[in-house]
Every structure is written in C-alpha cells, then in structure tokens.
Amino acid sequence: MITRRGFLDTTATGVVLAALGRAGAAFAQRKITPGPSDVLIVTDVQNCFVPGGTLPVGGGDEIVPLVNRLGRAFENVVLTMDWHTPGHISFASSHTGKKPFETVMLPYGTQVLWPDHCVQGTKDAELVPGLRIPHAQLVIRKGYRRHIDSYSAFFEADGKTATGLTGYLKERGLKQTFFVGLATDFCVAWSALDAVKSGFTAYVIEDATRGIDTGGSLGKAWKDMTGAGVKRITSADIDMS
Ligand code: VGL
Ligand code: ZN
C-alpha cells in the first residue's frame with residue numbers, strides 16, 4: 001500500500017512541506033506502508049554469514065537491529081536459510097585443488113566456490129541469536145541438495161527446480177516482496193530477480209543488506225536487479241511508525 005503525503009498532512013513532515021510550498025511538494029517522498037499483500041523476505045540472517053561465521057559478510061551483523069524493526073512493520077514475514085549438506089558441491093573443499101572464491105563449471109553453469117558454510121544442523125547454520133521476528137510465518141531452507149546450489153529462495157541454481165516459495169506466496173495472496181538480509185549480491189539478488197520472474201513486485205531495502213563483493217559481484221548484482229525492474233530502496237522509504 002503506497003501513500004502520498006499531501007499538503008493537508010498534519011504530520012511534522014507535512015508541515016515542513018507546506019512551508020516549503022510547491023518546490024517542497026515536488027520532493028515529497030512517498031512512503032510505503034506495508035499492508036496485507038506485502039511480505040518481508042529475510043534472507044539468510046544466519047551465524048555463517050556474520051563475523052565469526054564460516055562465510056562472514058562484512059558488517060553482516062550490523063543489519064540485525066534494522067531487520068528486526070522492519071520485521072515489526074510487516075504482518076507477513078518469510079525467513080530463508082542456507083542449508084547445505086556436508087561436502088556440498090558449492091564448497092571449495094569438495095573440488096581438488098580449488099580454493100574459496102574460485103569458480104568451477106558445473107552442469108547448471110558457473111559455480112563460485114565457498115568455504116564450507118551453513119552445514120545442516122550446526123550452530124553456524126542457525127539464525128543469528130539477535131534476530132527477533134517471532135511472527136515470521138515460514139522458513140524456507142535452500143541449497144539442501146548436495147549436487148546443486150541455491151542462492152535463490154525461489155529456484156535452485158539450475159533455474160528450474162522450485163523451492164515452493166512461489167506457490168506459497170501466491171496461495172496467500174502476497175504480491176509485493178521486500179528483501180533484506182545477506183548477501184546482497186548472491187542470495188538477496190538471485191531471490192529478488194526470481195521474484196520478478198515469478199510475477200511479484202520486488203524491492204530490495206539496501207541498508208538492511210550487506211554484500212560479499214567478490215570479482216565485481218556487487219556492482220553486477222545491482223545492475224542486473226535494477227535492469228530487471230527490482231526496486232532499490234532504503235529503510236527510510238518504509239513507514240515503520
Ligand atoms: C550465500 C554464498 C553462498 C548467500 C549463500 O546467502 O548470499 N552466498 N551461499
Ligand atoms: Zn551457500
């Protein structure tokens with residue numbers, strides 16, 4: 001649900017805009033008030049991706065308070081978890097002579113290789129203890145097949161094996177997806193791109209994400225996302241009052 005603040009707005013912002021006159025009104029930011037068909041998708045806020053974890057994303061822990069605040073503004077929240085088998089194909093340790101952040105060619109395409117991370121059932125794979133969104137309704141685990149990775153919460157890395165999230169969101173009448181979490185350039189970007197492909201509107205709340213940025217991946221991810229129609233916003237665009 002999108003509301004536009006007007007001249008008759010009696011909030012502090014409205015008063016300031018009224019004082020600025022027409023010029024001010026032109027800059028009036030529309031805020032998004034999350035409603036019943038909006039869903040916040042909290043991507044992989046797990047111990048593995050914050051400092052101290054096995055694949056730490058710089059500043060990954062810094063987003064947690066903001067993610068919690070955003071969570072309170074959304075009645076619908078889905079959590080995702082990267083959830084790999086031991087010896088997963090995305091681990092450099094599964095490929096002789098390969099080091100983390102190198103790539104290999106797999107039947108489904110190029111795979112970046114990672115340190116062993118988010119192994120099923122380990123402390124490393126748990127949601128970060130500071131994450132407080134008790135009303136989250138669904139946890140989607142992904143990347144749980146040994147021979148196929150899944151950055152996206154919608155489709156595994158072959159681009160066609162569905163996780164079930166599309167059906168879940170559609171059956172619940174959820175239409176606008178808002179992404180936060182880790183990492184901007186992998187699981188957040190791939191999920192947001194697939195959300196658009198599956199017919200959802202997709203927003204990425206940039207200040208509630210952090211990127212890995214290996215080999216130019218962060219710049220490429222934003223280019224791909226904005227090119228596909230993913231909306232790049234910040235938490236200031238969301239009405240959290
Ligand atoms: C992720 C690399 C490997 C992510 C998951 O959550 O962005 N990145 N596995
Ligand atoms: Zn992974």
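Counting from 1, the numbers follow the sequence of the chain as shown. First listed ligand is number 1; within each ligand, the first listed atom is number 1.
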**Student:** If you round to 10 degrees, what value do you get for the angle at the Zn ion (ligand 2) between H117 atom NE2 and D82 atom OD2?
**Tutor:** 90°
**Student:** Write 'none' if nothing qualifies; otherwise put on separate lines each N/O atom of ligand 1 with a protein N/O atom under 3.5 Å away and their distance to 0.1 Å.
**Tutor:**
residue: ligand 1; atom: 6 (O); partner: D44; partner atom: OD2; Å: 2.7
residue: ligand 1; atom: 6 (O); partner: L182; partner atom: O; Å: 3.3
residue: ligand 1; atom: 7 (O); partner: A183; partner atom: N; Å: 2.9
residue: ligand 1; atom: 7 (O); partner: C187; partner atom: N; Å: 2.9
residue: ligand 1; atom: 9 (N); partner: D82; partner atom: OD2; Å: 3.0
residue: ligand 1; atom: 9 (N); partner: H117; partner atom: NE2; Å: 3.1

**Student:** Could you work out the complete set of other residues in the hydrophobic cluster of I89, with links drawn between I, L, V, M, F, W and Y side chains under 4.5 Å apart?
**Tutor:**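 Same cluster as I89: V104, L106, Y108, L113, I148.
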**Student:** Ring centres of Y203 and F179 under 6.0 Å apart?
**Tutor:** no
**Student:** Under a 4.0 Å N-O cut-off, is there an ion pair linking E156 with K142?
**Tutor:**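 The answer is no: the pair does not qualify as a salt bridge.
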**Student:** Check whether any N, O or S atom of H84 sits under 2.8 Å from the Zn ion (ligand 2).
**Tutor:** yes
**Student:** For the residue pair I32 and I233, establish whether any side-chain heavy-atom pair is separated by less than 4.5 Å.
**Tutor:**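 Contact flag for I32/I233 side chains = yes.
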**Student:** Is the shortest heavy-atom distance from the side chain of W222 to the side chain of T184 under 4.5 Å?
**Tutor:**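 Sidechains of T184 and W222: in contact.
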**Student:** Establish, yes or no, whether a centroid distance under 6.0 Å links the rings of H84 and F91.
**Tutor:** yes
**Student:** Using the ring centroid of each side chain, check whether F186 and W114 are separated by less than 6.0 Å.
**Tutor:** yes
